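Position 1 is the first residue of the sequence, and the numbers go up from there. Computation of the quantities below employed the complete heavy-atom set of this structure, encompassing side-chain atoms and omitting hydrogens, waters and symmetry-equivalent molecules. Owing to the predicted nature of the structure, the values given are computational and were not obtained by experimental measurement.
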Amino acid sequence: MSFVNIKKQYLAIGMLVFVILFLFNTRPVFQCQFNPEQSSYLPTIYGITPTYLRLAQKADLTRLSQTLMLVKNFHWIIIEDSEEKTKLVANLLKESNLKYTHLNVKTQKSKHSTLLDINVCVFQTVKFNTSWYCASGVEQRNTALDWLRTHLATAEDKRGVVYFMDDDNTYSLKVFEEMRKVKKVGVWPVGIVGGMRVEMPVVTDGKVSGFNAWWKPFRPFPIDMAGFAINATMFLDHPEAKFSRKVQSGFQESEILKYFTTTDELEPLADNCTKVYVWHTRTQKPSILNPKKLKLKHPPIPDDHIEV
Ligand code: UDP
Ligand code: MN
């Protein structure tokens with residue numbers, strides 16, 4: 001009798017162990033099904049980046065692309081300011097494993113200043129060099145928007161968010177988390193821009209009531225390109241929305257935002273605009289010595305065949 005009982009106990013313990021092992025083995029499956037992070041919907045972020053040939057281009061794009069590799073559901077629209085697409089950018093994109101669209105359009109810069117230039121460009125002196133400074137990326141961002149509209153028109157899922165990303169800024173992964181919350185237009189602070197430590201929307205009772213900006217504070221939206229994101233479907237609702245060369249320098253952000261929103265409609269993100277998740281960093285122009293001019297006795301080995 002007791003022998004039978006012991007056997008039954010062993011049997012029960014054995015079955016229990018089996019059930020525990022089974023549950024343990026199948027845990028990842030349950031995790032997959034019930035993990036809210038994985039099952040919840042993530043809107044696509046369309047990052048629009050104009051880029052142009054310069055010595056630090058690959059360095060800047062490498063840093064940016066390797067940040068973007070860590071962002072889920074991200075589509076990079078990169079537009080070269082060039083007559084032709086370059087191998088450097090094409091290879092960098094291919095090797096990145098990112099989802100991307102590679103476009104190009106050359107900025108037509110007039111050699112002679114016209115009345116229009118005086119309006120849209122400023123005469124500025126940087127380190128004793130005086131030259132015209134015109135808005136950059138206008139044609140490139142517009143080309144990207146044309147592509148986006150065509151893409152979304154036939155896309156099954158039109159939801160997403162559009163972010164205009166310059167190629168030499170510094171982006172925390174947190175800024176991408178924030179912009180997925182955008183309903184129409186979301187805004188947040190930008191570090192080290194416009195002569196300030198931080199340029200930011202002022203939030204009162206959860207609403208944007210003004211802006212803390214020192215550079216051209218009379219702009220309708222005194223905010224940097226890196227400081228907002230727009231619901232992608234709104235670009236279908238507003239086919240006329242684009243950047244313009246006809247506005248004065250620093251007004252590109254206001255130019256695009258005016259189609260979609262008003263100050264009091266802006267959605268303050270990044271903890272009610274109290275956190276900095278993006279910085280308007282600028283890569284210093286490298287100064288490279290010209291060995292031919294130096295007339296060295298032992299000139300360095302030529303390195304023109306090496307992509308830098
Ligand atoms: N850009 C461009 N063509 C140019 C100059 C700039 O396509 O002739 C791009 C650049 O790569 C960057 C964006 O336009 O992604 C803004 O330019 P930049 O970073 O020089 O502007 P800033 O830092 O002065 O705001
Ligand atoms: Mn920049």
How are the rings of [X] and [Y] set to each other: parallel, tilted or perpendicular (split at 30° and 60°)?
| X | Y | result |
| --- | --- | --- |
| Phe176 | Tyr163 | perpendicular |
| His151 | Tyr46 | perpendicular |
| Phe211 | Phe221 | perpendicular |

Within a 6.0 Å radius of atom [atom1] on [X], are there more than 12 heavy atoms belonging to other residues, nucleotides or ligands?
| X | atom1 | result |
| --- | --- | --- |
| Glu84 | CD | no |
| Trp214 | CH2 | no |
| Lys85 | NZ | yes |
| Lys99 | NZ | no |

Heavy atoms only: give me the nearest [X]-[Y] pair and the separation to one decimal.
| X | Y | value |
| --- | --- | --- |
| Ile79 | Ala144 | CD1-CB, 3.7 Å |
| Ala270 | Trp188 | CB-CB, 3.8 Å |
| Met165 | Leu68 | CE-CD2, 3.8 Å |
| Leu93 | Tyr100 | O-CE2, 3.4 Å |
| Leu64 | Asp167 | CD2-CA, 3.8 Å |
| Ala153 | Lys158 | O-NZ, 3.1 Å |

Once you round to the nearest 0.5 Å, how far does CG of Leu269 lie from CZ of Arg180?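 Those atoms lie 13.0 Å apart.
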Is the shortest side-chain N to carboxylate O distance from [X] to [Y] below 4.0 Å?
| X | Y | value |
| --- | --- | --- |
| Glu139 | Arg245 | yes |
| Lys184 | Glu265 | yes |
| Asp205 | Lys207 | no |

Check the pair Phe260, Phe235 against ring-ring contact (aromatic ring centres under 6.0 Å, His included), reporting the backbone distance first and the verdict last. CA-CA 9 Å; Phe260 302 111; Phe235 283 90; 4.8 Å; yes
Residue pairs passing the side chain to side chain donor-acceptor pair (under 3.5 Å) test where at least one lies in residues 227-242, sequence neighbours excluded: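 Sorted result for residues 227-242: Asn231-Thr233, His238-Glu240.
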Connected via hydrophobic side-chain network under 4.5 Å: [X] and [Y]:
| X | Y | value |
| --- | --- | --- |
| Phe164 | Leu103 | yes |
| Tyr277 | Trp279 | no |
| Leu236 | Phe243 | yes |
| Val71 | Met179 | yes |

Beyond-backbone contact of Gln57 with Thr51, side-chain heavy atoms, under 4.5 angstrom: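 In contact.
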Report yes if the side chains of His280 and Glu199 come closer than 4.5 Å at any heavy-atom pair, otherwise no. no
Test item: side-chain donor near acceptor, Asp264 and Thr262, under 3.5 Å: yes
Given the options Val162, Ile256, Val182, Thr261, Phe228 meets side-chain contact (heavy atoms from CB on, under 4.5 Å) only with Ile256
